[in-house]
Amino acid sequence: IPTVTLQLESIKRSLVTSVAPELPPEAAFARQQVLLIGAALDFLIECHAHEYRYAVVENAEYRTLLKELAGRASNSSTDVTDVLAEDGPAPTDAQLPLPTITEQTRRMKVLCERLYADVAAGGGADIPAVLDLQAKTAERQVEREASWFRLAGFTMDSPPIDVVLGLESGADDYV
């Protein structure tokens with residue numbers, strides 16, 4: 001499954017190498033729009049991998065500021081108390097950039113495949129248990145991916161991604 005970065009790069013490459021050259025010379029406005037879309041895709045390709053880290057760091061900084069200001073203000077509203085009582089992301093959530101996480105996951109997948117082959121070659125009694133573990137992991141992967149693309153209309157019967165990721169209460173069986 002291609003990463004978001006690979007998908008964005010593919011879209012941009014198709015736009016630049018296939019669409020733009022086919023535009024007639026008199027289609028100046030359309031050509032401008034293609035270039036604008038290309039520039040927007042360049043921005044997304046460069047920034048999207050850091051968006052989660054950015055959001056976590058920004059959240060932590062404003063939480064700190066809000067606490068400081070609330071401590072100095074003569075009367076703090078319940079809105080301030082309520083938002084500070086909400087769970088926020090841990091600052092450690094921002095330590096690893098997305099490409100590092102996805103590369104690590106890819107390496108783990110390769111190692112799982114290697115270990116599975118090792119267990120299968122041994123022909124022991126562990127094979128049914130290993131097959132079950134792999135099947136359950138694959139099933140959860142399919143659920144995540146189907147949910148990810150659900151809003152595009154491909155898999156409308158899939159649960160929303162927050163349910164699949166266990167971010168909604170009562171969804172602990174998905175994590």
Side-chain angles (χ1 to χ4, degrees), residues 1-16 19 32-113 133 136-175:
I1 305 288
T3 64
V4 172
T5 299
L6 290 174
Q7 291 177 32
L8 291 171
E9 288 171 346
S10 175
I11 291 168
K12 181 173 184 242
R13 189 172 35 259
S14 292
L15 188 68
V16 171
V19 176
Q32 279 182 332
Q33 293 305 303
V34 166
L35 294 175
L36 181 63
I37 293 167
L41 287 169
D42 281 337
F43 170 79
L44 289 172
I45 290 165
E46 181 179 343
C47 296
H48 93 277
H50 305 286
E51 185 174 3
Y52 183 75
R53 293 173 64 201
Y54 178 97
V56 171
V57 169
E58 183 179 47
N59 182 285
E61 288 179 359
Y62 277 91
R63 182 175 295 273
T64 299
L65 176 62
L66 187 58
K67 283 180 186 175
E68 287 292 324
L69 293 174
R72 296 166 193 256
S74 57
N75 63 1
S76 190
S77 70
T78 56
D79 290 350
V80 171
T81 307
D82 289 348
V83 77
L84 288 174
E86 293 174 8
D87 289 336
T92 55
D93 288 347
Q95 288 181 341
L96 295 176
L98 183 60
T100 301
I101 294 168
T102 55
E103 172 57 22
Q104 182 184 62
T105 303
R106 187 198 63 75
R107 287 184 288 126
M108 287 190 286
K109 289 177 180 181
V110 168
L111 292 170
C112 285
E113 185 178 335
L133 286 170
K136 286 179 180 174
T137 301
E139 184 178 309
R140 288 190 301 272
Q141 178 76 35
V142 168
E143 286 176 339
R144 280 192 305 273
E145 295 194 8
S147 182
W148 186 262
F149 293 105
R150 135 185 209 277
L151 294 179
F154 294 115
T155 57
M156 291 303 289
D157 57 339
S158 296
I161 192 69
D162 57 342
V163 172
V164 172
L165 295 178
L167 301 174
E168 189 175 275
S169 63
D172 295 336
D173 56 328
Y174 287 105
V175 262

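Contact of the L36 side chain with the Q32 side chain is not registered, since no non-hydrogen atoms from C-beta on lie closer than 4.5 Å. A 4.5 Å side-chain heavy-atom check between V4 and L8 finds at least one atom pair inside the cut-off. Between E143 and R140, some side-chain heavy-atom pair lies under the 4.5 Å cut-off.
Dense packing is recorded around CD of E58, with more than 12 heavy atoms of other residues, nucleotides or ligands lying under 6.0 Å away. The 12-atom threshold is exceeded at CD of Q33, counting heavy atoms of other residues, nucleotides or ligands nearer than 6.0 Å.
The two atoms that bring K67 and L84 nearest to each other are CG-CD2, 3.7 Å, heavy atoms only. In terms of heavy atoms, A90 sits closest to V56 at O-CG1, 3.5 Å. Minimum heavy-atom separation, N59 to G88: OD1-CA, 4.3 Å.
One finds the CG atom of L96 at 11.0 Å from the OH atom of Y52 (value rounded to the nearest 0.5 Å). Taking CD from E9 and CD1 from I45, the interatomic distance works out to 5.0 Å, rounded to the nearest 0.5 Å. One finds the NZ atom of K109 at 4.5 Å from the CD atom of Q141 (value rounded to the nearest 0.5 Å). Atom NZ of K12 and atom CD1 of I37 lie 12.0 Å apart (nearest 0.5 Å). In this structure, the separation between CD on Q95 and CD1 on I101 is 10.5 Å, given to the nearest 0.5 Å.
S10 places no side-chain N or O within 3.5 Å of a backbone atom of L6 that could act as its donor or acceptor partner.
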- Yes or no on side-chain contact (heavy atoms from CB on, under 4.5 Å) for E61 and V57, after CA distance, side-chain angles and deciding distance? CA-CA 6 Å; E61 288 179 359; V57 169; 3.6 Å; yes
- Between E139 and K136, is a salt bridge (charged side-chain N to carboxylate O under 4.0 Å, His left out) present by the stated rule, with each step listed? CA-CA 5 Å; E139 184 178 309; K136 286 179 180 174; over 6 Å; no
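Ion pairing between a basic and an acidic side chain is recognised when a charged N comes within 4.0 Å of a carboxylate O; R106 and E103 show such pairing.
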